[in-house]
Number of protein chains: 2
Amino acid sequence: MEVTNSLKASKGSREEIKNYFSDSAKTKHCPITDILSRLSDKWTIHTIITLGKSESLRFTELKKLIPGISQRMLTVTLRTLEEDGLLTRTIFPQIPPRVEYKLTPLGRSLVGQLIELSDWANENMVHILRSREEYILKKV
Amino acid sequence: MEVTNSLKASKGSREEIKNYFSDSAKTKHCPITDILSRLSDKWTIHTIITLGKSESLRFTELKKLIPGISQRMLTVTLRTLEEDGLLTRTIFPQIPPRVEYKLTPLGRSLVGQLIELSDWANENMVHILRSREEYILKKV
DNA sequence: CTGGATCCGCGATGATACTG
DNA sequence: CAGTATCATCGCGGATCCAG
């Protein structure tokens, strides 16, 4: 009954698609909210940037390069990015298995902006942290 | 005693601060994950961009300009941004109350990038949606 | 090596009602 | 107008075990 249910359970076929899109329609009233909320699954941006620095990477390599990510979250994140067409997943049928992840042109077109954003974060971290500190002190 | 304790329940005072920072330390191993995950509370980016288009806005104005946001979430988002020093909150002591929100220079320095990002989202939405569609069909 | 499947807690978010 | 307080829900994300 529940043979291969990918990550988000697929039983019906048409029914599922319908649900998928109606769900989408609800959340995705606006592309900004939609795409942007995807981008920061907490791991997505990091993943894209990491991939942006290489041609392609394997699962284990990614896991090492993204500190703190769990196996599951890496899998989920990669699948989502694949769904969105931001990266490709290539399986080499060998033993042991070898799978390579690589950004698509669409994915590449994002990397620049994300790096800028992370640079901004790095540069302004100090101010933000100090601001948070002061904010708390003000209230006590 | 608990005069203005914002939204996140504060009982102790020193204790609370301690927890706050230790929590921070845990999540904030890296500035990218930290700042970036804040940015897309699903509403934050939208809020910053909206404020970026005006000099300053009032609570209700913001609520109207950000479709779908709840009163509560707007409050929370604004408070977080204030904490981080990205905007200022000015209260005019009158009846009825008047509160204005305005980006700080730090906040303004982000607007450009966020607009770029949302432009990207708008431009590539179609591809992403189609990609998702194809992805589902492939699996069925 | 590269994940899939499951269980589960906690925090984020929404709905609703109330206030100065 | 601009919130605050409270409750209920729901999905993220971690831990763990399993498999090709």
Side-chain angles (χ1 to χ4, degrees), chain A residues 1-11 19-20 23-24 26-27 29 33 37-44 46-47 56-64 66-82 87 89-101 139, chain B residues 2-11 19-20 23-24 26-27 29 33 37-44 46-47 56-82 87 89-101 139:
Chain A
M1 228 10 131
E2 11 90 5
V3 199
T4 35
N5 280 342
S6 72
L7 291 161
K8 40 177 63 176
S10 25
K11 331 88 182 286
N19 288 331
Y20 182 90
D23 283 355
S24 297
K26 274 191 298 182
T27 320
H29 32 58
T33 306
S37 72
R38 281 246 185 173
L39 282 185
S40 54
D41 282 325
K42 183 184 185 184
W43 299 115
T44 304
H46 216 129
T47 305
S56 73
L57 289 172
R58 302 178 60 179
F59 189 85
T60 314
E61 291 172 334
L62 277 166
K63 188 152 169 17
K64 281 182 201 158
I66 307 175
I69 195 171
S70 67
Q71 210 169 40
R72 183 185 137 81
M73 278 308 105
L74 182 53
T75 302
V76 173
T77 303
L78 290 170
R79 282 294 188 285
T80 305
L81 289 173
E82 193 193 355
L87 62 78
R89 179 164 169 267
T90 312
I91 306 172
F92 297 88
Q94 30 179 67
I95 308 256
R98 174 186 185 84
V99 181
E100 299 216 324
Y101 296 91
K139 322 216 65 167
Chain B
E2 16 86 17
V3 198
T4 38
N5 277 345
S6 76
L7 295 159
K8 37 179 64 171
S10 19
K11 329 95 186 279
N19 288 332
Y20 183 88
D23 284 355
S24 297
K26 274 191 301 183
T27 321
H29 33 57
T33 306
S37 73
R38 280 245 185 172
L39 282 185
S40 51
D41 282 324
K42 183 182 183 184
W43 298 116
T44 304
H46 217 128
T47 305
S56 74
L57 289 172
R58 302 177 60 177
F59 190 86
T60 314
E61 291 172 333
L62 277 165
K63 189 155 170 14
K64 281 181 200 156
L65 292 171
I66 307 175
I69 196 170
S70 66
Q71 210 168 38
R72 184 185 137 78
M73 279 306 106
L74 182 53
T75 303
V76 172
T77 303
L78 290 170
R79 284 293 189 284
T80 304
L81 289 173
E82 193 193 356
L87 61 76
R89 178 165 170 267
T90 311
I91 306 172
F92 297 88
Q94 32 179 64
I95 308 252
R98 175 187 185 84
V99 179
E100 300 216 322
Y101 295 90
K139 322 218 62 167

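Fair warning: this is a prediction, and the values are worked out from it, not measured in the lab. The basis for the numbers below is simple: all heavy atoms, side chains too, and nothing from hydrogens, waters or symmetry mates. Below, chains carry the letters A, B, ... as their sequence lines are ordered, and counting in each starts from 1.
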Among C:dG3, D:dG3, D:dG13, the one nearest A:K42 by side-chain distance: D:dG13

Atom-to-atom span, CG of B:L74 to C1' of D:dT4 - whole angstrom: 14 Å

Residues which pass salt bridge (Lys or Arg N to Asp or Glu O under 4.0 Å) with A:E61, listed by chain and number, not counting sequence neighbours: none

Nucleic acid footprint by protein, nucleotides 6-11 of chain D - heavy-atom cut-off 4.0 Å, B for base, S for sugar-phosphate alone: B-----

Could you list the donor-acceptor pairs under 3.5 angstrom formed by side chains in residues 89-100 of chain B, with sequence neighbours left out?
from   : atom 1 : to     : atom 2 : distance (Å)
B:R89  : NE     : B:Y101 : OH     : 3.2
B:R98  : NH2    : B:E100 : OE2    : 2.9
B:E100 : OE1    : B:S56  : OG     : 3.0

D:dG3 OP1/OP2 closer than 4.0 Å to side-chain N/O of B:R89: yes

Listed partners of A:R58 passing salt bridge (Lys or Arg N to Asp or Glu O under 4.0 Å), at least two apart: none

Those residues that, when tested against A:T44, pass side chain to side chain donor-acceptor pair (under 3.5 Å) (two or more places apart): A:D41

Nearest-nucleotide pick for B:P97, side chain only, options being D:dC1, C:dT13, D:dG3: D:dC1

Candidate nucleotides C:dG14, D:dA2, D:dG13, ranked by approach to the side chain of B:R58 - the nearest: D:dA2

Touch class at under 4.0 angstrom, heavy-atom based, for A:Y101 against every strand present: sugar-phosphate

Minimum-distance nucleotide (side-chain atoms of A:P96 versus D:dC1, C:dG4, C:dC1): C:dC1

Distance below 4.0 Å between B:S70 side-chain N/O and C:dT13 OP1 or OP2: no

Side chain B:K63, main chain B:I69, donor-acceptor under 3.5 Å: yes

